[in-house]
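Structure first, commentary second.
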Amino acid sequence: MSLLAAKSDRNRWDVYRERPFWRLVELFVARVFRGGGDSDAPGLDLGMGLILTLLAIPGGFVSLFLLDKYGTFLQWLRGGTFPDPLLVSLPDEYFFIVLSMTVSGAVAVWRWDAIFPNRRDYMNLVHLPISTQTIFLANLTAVLFLAVLVAVDVNAASCILFPTVVAATQSQFVFFIKFAAVHALAVLLASLFSFLLVFSLLGLSMALLPPLAFKKASSYIRGVALVYLIALLSTSFAVPNLLRGVRGAPPIWAFLLPSSWFVAMCQSFRGRATPALITLGHLTFPAVIAVSVVALCAYAIGYQRHFLRIAELSEAMSAGAPSHLSTLYRYLDRLVLHTPFQRAGFRFVWKTLWRSEAHRLLLTGTGGLGMVLASQAMMNAVEATKSARQAALSTEALSVPFILSFLIIIGLRAVFELPAELPSNWIFRLMLDPDHQECESLARIVILLAVFPWVLLGVFPLYLRITGLEVALMHTLLVLGWSLLLTNALLIRFRKLPFTCTRPIFQQHSIVVLISIGFGFLLYAASLPEFESYALVHPGRFAAMFPAAFIMWYVPRHLAKSAIAEEKRLIFEDVSATSFELIQLSE
Amino acid sequence: MLEAVHLTKRYASIPAVQDLSFSLRPGQILGCLGPNGSGKSTTVKMLTGLLAPSRGLVQFNGRSIQDDVTGYRKQLGYVPEEAHLYPFLTGWEYLELVGTLRGMPRAEVESKVDSLLQLFSLHPARHLGMGQYSKGMRQRILLIAAILHNPDIFIFDEPLSGLDVTSALIFKNMVHVLGQQGKLVFYCSHVLEVVEKICTDVLILRKGLVIAQDSVANIGKILGQSLENTFLHLVDDVNTMTVAQDIVQVMQSA
């Protein structure tokens, strides 16, 4: 009987699923996960399962690392005491909240183009006998489903593991249940809030900006959202301690920082909140409701203004204004771009960087990370010293151009690997001589032009004013010199025209590359400024830097010289080397 | 009968189509010709209900299509100019989705999709993502999607774009058969020979205005020349030979 009932329920569900509305919901969900922008170029299709797994990993890992902090046995071995877990867990709770906000917001920023129905949907769906209201509701249902799915997925591991780790010190199961429930509520709400905040931003931009202006501004708005999310994540180092120290009324910054509302709500529910936290905690539910209402309204207006007018807009779109960069290009042609390949290649690379959404976004992400780290370093420098000169000569202030240049160089180098409209690369395949390519010099010019101007026009005059000519000159030369050396090291055997070559998504040595970048960052953006600060006292100490600089100069040069002709040929397909090769001895 | 009654469409006060009127009877295959920017696409979008006219109306069987646009679209088969398909869906999945959204019974969708994929030589590629399809394959998918539900009105906007010779011949013959069966066909194209061969009537647009409208045979008779020459005579004031010579001259210049 129960089998028959289950079968009948399943049949009913299958029939229900076949309704146009649910088919549309399915389509919109699939579109978000599997690439659905206006471009016909194949997107980064990782599949729903892999994306959800990747999103769930950080929460799980961080929870496990916390065993070290909360494990009673480890504490006992260290001779530590067991303080109130509800109080000591505040920084970790805050971290999980900003992590869930950052990841959920980043998903919304990443799939920005696919969240809202676009021209492709219009052309495929509107001429079918389904009303535009049905399309609206189906897409809205899909977006809400995704918001909940991402929130649950991102926080699933931490909702079980984090309370388990914290409750390990407690004998009562009720403690675990209460702790887990409050944690789950906070991180899920934070996730939803962040996702809907980005969604509201998208909807408001569509509702307020004219379609052409929105199209142009879209990636910049996404960039700002991304920088905000990165900045939010970086607050996890400082905000918990600041919140603990608040006495009386909460400060203004806490009102402006949504993550502090959610952690305050947690502490309120756990009975460990100060009056300031109680006040902040009261903001949580109204904020989530407000952002949901704004998202819904903005989405409805945006749908009306953009989606329903796509046919009209595509006809009425005027041609864009001509580029005003021709004068700049002429100067560059005279000064740095000496060959026809460099001139044409530079224009291609520069325009792709500015116009391709994916490339611009990746670059904005690394640039944003650089800005966040640099501003933190700057804040530390100003806080720790009294005079402007002292601040400028501190390790933290000296590290600012190193941090920025490192992330710009690494960001550009990574972006060069990201293909853009691969089917269009036939023109380069057809025209370029693979044995006489100048890809390395072109890439070097692009990278250095992204670093040198602001160092020369920003860092040098600033240091000249604050510290005098000698220090300004040494600091500028050091930043420029090491930028050049780092660029050379990153371009060893670079033989692709940026954006025109295929690349396997996950290569065998990807982890090694990531670790090397982390290590390189420490050396370049932390050790170098520290040494500079030490050497500026007695400039003769700079001589100790020469051996390292010589190695950084010599190794890329030697490797370039020793490369055989085959290793220098221009490539359009990057095939990973196999672990072993079969040698055909019979041939 | 499908009628366009004094259709006018303006974009920010610039007229794209002005006072366009015609009627399309069952069995009639009306070709729509015109150079770029003549208003062909705007006309097609108004006929499909994708675009609301600034003035005038489109009527089907005496009723404005805007009164029941969903009901009208149930009887419409449309092949758009650009094949904007979902690259992550397979050909089979896309057609099955279209059939379901059109409210067709599942069994009918499956059997029709299967047969049509075979007839359009797409059966072996039916489970491949459409991102891997060639332009011709995508166009064939669009053609199948347009005829799947046996509509009464067909609106084809450059339907032969990217099709190979065999598929194009099959399609042309299919349009002819549809006409014989009393369907209404509106056929927009740049290819004059095709319009001349398969259409019964022709509508020539220039800068949003109708400059000629008659049967293909009559238009030729009136001016005593082929449709291509008639078209050039009516639409373009350009001496094509002179322009061609100028192009070659520029190509050879230093």
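Chain letters run A, B, ... following the sequence lines, proteins first, then strands; residues in each count from 1. For clarity, every value in this text was computed on a predicted model and none was experimentally measured.
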(message) Out of B/Leu142, B/Ile155, B/Leu101, B/Ile14, return the one with the most heavy atom pairs under 4.5 angstrom to chain A.
(response) B/Leu101
(message) By the definition side chain to side chain contact (heavy atoms under 4.5 Å, CB included), identify the one residue from B/Thr43, B/Val17, B/Thr42 that meets it with B/Leu205.
(response) B/Thr43
(message) Is A/Leu125 close to chain B through its backbone or its side chain, or both, or neither, when contacts mean heavy atoms under 4.5 Å?
(response) side chain
(message) Quick check on B/Gln132 against chain A: is it the side chain, the backbone, both or neither that has a heavy atom closer than 4.5 Å?
(response) neither
(message) Working to the nearest 0.5 angstrom, can you tell me the gap between B/Tyr78 OH and A/Met123 CE?
(response) 4.0 Å
(request) Look only at the side chain of B/Arg73 and the backbone of B/Gly49, and say whether a donor-acceptor pair between them is shorter than 3.5 Å. (result) yes
(message) Which atoms of B/Tyr94 are under 4.5 Å from chain A, going by heavy atoms: the side chain, the backbone, both sets, or neither?
(response) side chain
(message) Could you tell me if A/Tyr303 and A/Asn139 have a donor-acceptor pair between their side chains, going purely by distance under 3.5 Å?
(response) no
